[in-house]
Amino acid sequence: MIDRIIEYNKSFVESKGYEPYLTSKYPDKKLAILSCMDTRLTELLPAALGLKNGDAKFIKNAGGIVIAPFDSAMRSLIVAIYELGVNEIMVVAHTQCGACHMSYDHFHDAMIARGVAAETLDTIQKCGLDLHHWLEGFKDTPESVRKTVATIKKHPLVPSDIVVRGFIINSETGALEEIHCLT
Ligand code: ZN
């Protein structure tokens, strides 16, 4: 698959397919969106929000969540705020999210079946990374959105004037539902 992509890329560049996408690194709408990596959202999310290339910073992971105050998603948001002029953040979860049903027990068994040694998992646990927390999904999507919004809003490095709001987008229709989040 990757070889085919590399081949396609050559013709894309040669035919100047990039021209409609030219923009700067600064998000024109001063907006960052934290969302899920789900493939249904790849084009649907920006289309349903009316966003084009250059409008917003998209930060994506499994579930569209901040799992710890200094994780990779939070780091990207901090960069977006201080380096790229972002002043509004949307946390956008979605319906039928795969991360909703993730269980560490499943990952544990799958990893063992793929050749990861049980003692490797034990060692990681003993080194202080809680694999259960790291790989466990959320049970309640609105609650998960509220939790991530709260972590961002209360973050010691996030200025108080940054707007943070939470949403769930329908994975088929693109309809956006705002989740009421306590401030
Ligand atoms: Zn998802």
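In this chain, residues are counted from 1 in sequence order. Whatever order the structure lists ligands and atoms in, that order sets their numbers, starting from 1.
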Is the distance between the ring centroids of His94 and Phe167 less than 6.0 Å?
no
Is there a side-chain contact between Glu88 and Lys30 in this structure, where contact means two heavy atoms from C-beta onward sitting under 4.5 Å apart?
no
Is there a side-chain contact between Ile33 and Leu51 (heavy atoms, below 4.5 Å)?
yes
N, O or S from Cys100 under 2.8 Å to the Zn ion (ligand 1)
no
Lys139, NZ: over 12 other non-hydrogen atoms inside 6.0 angstrom
yes
Using the Zn ion (ligand 1) as the apex, give the angle to atoms SG (Cys36) and SG (Cys97), rounded to 10 degrees.
120°
What is the name of the N/O/S atom in His94 that sits closest to the Zn ion (ligand 1)?
NE2
